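For reference, the structure discussed in these notes is given below.
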Amino acid sequence: MSGWSRAALEALDRDDPLARFRAGFQLREGLLYLDGNSLGALPQRTMSRLEQTVRGEWGEGLITSWLGAEWITAPRRVGDKIAALLGAAPGEVIVADSTSVNLFKAITAALSLRPERGVILSEAGNFPTDVYMMQGIAAFSGGRVRAETVAPEAVLARLDSDVAVLVLTQVHYKSGAVRDMAAVTRRAHEAGALVVWDLSHSAGALPVDLNGADADFAVGCGYKFLNGGPGAPAYIFVAQRHQAAAMPVLSGWMGHAEPFAFEDDYRPAAGIERFLCGTPSVLAMTALECGIDLMAEADMAAIRAKSLALGRVFMDLMDEQCAGLGFTLVSPRDDAQRGSQIAYAHPHGYGIMQALKERGLIGDFRAPDVLRFGLTPLYLRYADMLDAVSLIREVCEARAWDDPRWKVRAAVT
Ligand SMILES: *Cc1c(COP(=O)(O)O)cnc(C)c1O
């Protein structure tokens, strides 16, 4: 018995130092949104801010807003705010493009710092786009560079004098398992390799200390725990010490030392701006900045403590209420090794998730059989864990996953 009564959980909610944040999001009562690790909820402030940007800055200000509304400096300004969440210094993070594109930029820049080495290494089962980008770079290199994945537990042993770049995700997208960023980075550096960290499931979910870990490069999403909106711009971190030598392959005009000098030849900007490529997406950046500003008001230690506590409650309740119903825990039980989501494998995982969505619990499904439940401390309550697990049990006991509508999988799962 876990012993989590509703009264005990409601008492935790009353004492929750982050409780005030929930009202800052548009979330209808009765909805159990356990998918903020895939698309963060909408901050209320984003709607009014976007209206002001669209009507006032775009509609009235037109092109003068590049300077007048400080659009042109937004990638750096928002990047500096993200840097503060990641243990990076001002001038080490810039907002641009998608995570996928930033992976390309970071990996190619790292390769330019290790010209005598030819392997880009990652782990099997990493998020697909990370590995696909590695494979695309290898194919384009005409044989100079090879993309290689090894089993997660074999990564460190594979580091040798051939490996130029190691690409890893700090919090695994499926299991939620956390890599020790400082220890892995140290091992890679000892072998002479550089590391590109994907922080998509870390930023806004747990404290990240890029400079404390002596990190080289990092990338991550704006639309997950940072609540920046669907398809929000992503960010790239390049350690100060690498910036002058790391050559951008996507040498767009916005990364030029003087974009408005309109010179014939590319000269990279001196600092992190060289990792800009084209014109920033201002509306999307505006929404992202609202999410970041909101996140910056919360204490990251409190976020981490609540995230872990929500996870313990969720797992306790699953043990108690869903034992014998076919679930296998995929996430680490150990707090120190777990990010901000709980994943279970189940042979009927896809159907279960569809049945849950019909009943007001939104999580997601990752092939072949994993149900993911994202835990977002800014807007979830302890009592929501009880409601969620009760629904999961209800769906399984009723075999509600066994429905002909769910024989064919949707385009987005
Ligand atoms: C969500 C996610 C991405 C997404 O990349 P996009 O280019 O925004 O589609 C990349 N990497 C990881 C680890 C992710 O979880």
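For the numbers below, each heavy atom of this structure counts, side chains included, while hydrogens, waters and symmetry mates do not. We count ligands from 1, going down the list as the structure has it; atoms in each ligand are counted the same way. Quick caveat: nothing in here was measured; it's all calculated off a predicted structure.
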A student checking ligand 1 against Asp130 at a 4.0 Å heavy-atom cut-off should list atoms 11 (N)

Quick check on the 6.0 Å ring-centre criterion: do Phe314 and Phe373 meet it?
yes

Is it the case that more than 12 heavy atoms not belonging to Tyr266 sit under 6.0 Å from its OH atom? yes

Taking only non-hydrogen atoms of Thr169 and a 4.0 Å limit, the atoms of ligand 1 in range are 13 (C)

Regarding ligand 1, does Asp198 bring an N or O atom to under 3.5 Å of one of the ligand's N or O atoms?
yes

Closest to atom 7 (O) of ligand 1 among protein heavy atoms sits Ser100 OG, 2.6 Å

To the nearest 0.5 Å, atom CZ of Phe237 lies from atom NE2 of His242 at 8.0 Å

protein heavy-atom neighbour closest to atom 5 (O) of ligand 1 works out as Thr99 CB, 3.5 Å

Open item on the list: Pairs of nitrogen or oxygen atoms closer than 3.5 Å, one from Tyr173 and one from ligand 1: do any exist?
Closed with: no

One finds that the ligand 1 atoms under 4.0 Å from a non-hydrogen atom of His201 are 15 (O)

For residues 67-78, the side-chain hydrogen bond (donor to acceptor under 3.5 Å, both in side chains) pairs (sequence neighbours left out) are Glu57-Trp71, Arg76-Asp80, Arg76-Glu273, Arg77-Glu289

| query | Do Arg338 and Met315 touch side chain to side chain, with heavy atoms closer than 4.5 Å? | reply | yes

Task: Min N/O separation Tyr223 to ligand 1 under 3.5 Å - done: yes

Within the 4.0 Å heavy-atom cut-off, what Leu103 brings close to ligand 1 is neither

Under 4.0 Å between heavy atoms, the region of Thr129 that gets near ligand 1 turns out to be side chain

Notebook entry, point to check: Between Asp35 and Lys224, is there a side-chain N and carboxylate O pair less than 4.0 Å apart?
Noted result: no

Note: ligand 1 atoms sitting under 4.0 Å from heavy atoms of Lys224 are 1 (C), 2 (C), 3 (C), 14 (C), 15 (O)

Note to self: With a 4.0 Å cut-off on N to O distance, would you call Glu297 and Arg45 a salt bridge?
What the structure shows: yes

Any heavy atom of Cys221 under 4.0 Å from ligand 1? The part involved is side chain

Counting from 1 in the order shown, the ligand 1 atoms closer than 4.0 Å to a non-hydrogen atom of Ser98 are 7 (O)

Q) Cys277 versus Asp97: any side-chain heavy-atom pair under 4.5 Å? A) yes

| request: Please check if the side chain of Asp13 supplies one atom and the backbone of Ala383 the other of a donor-acceptor pair under 3.5 Å. | output: yes

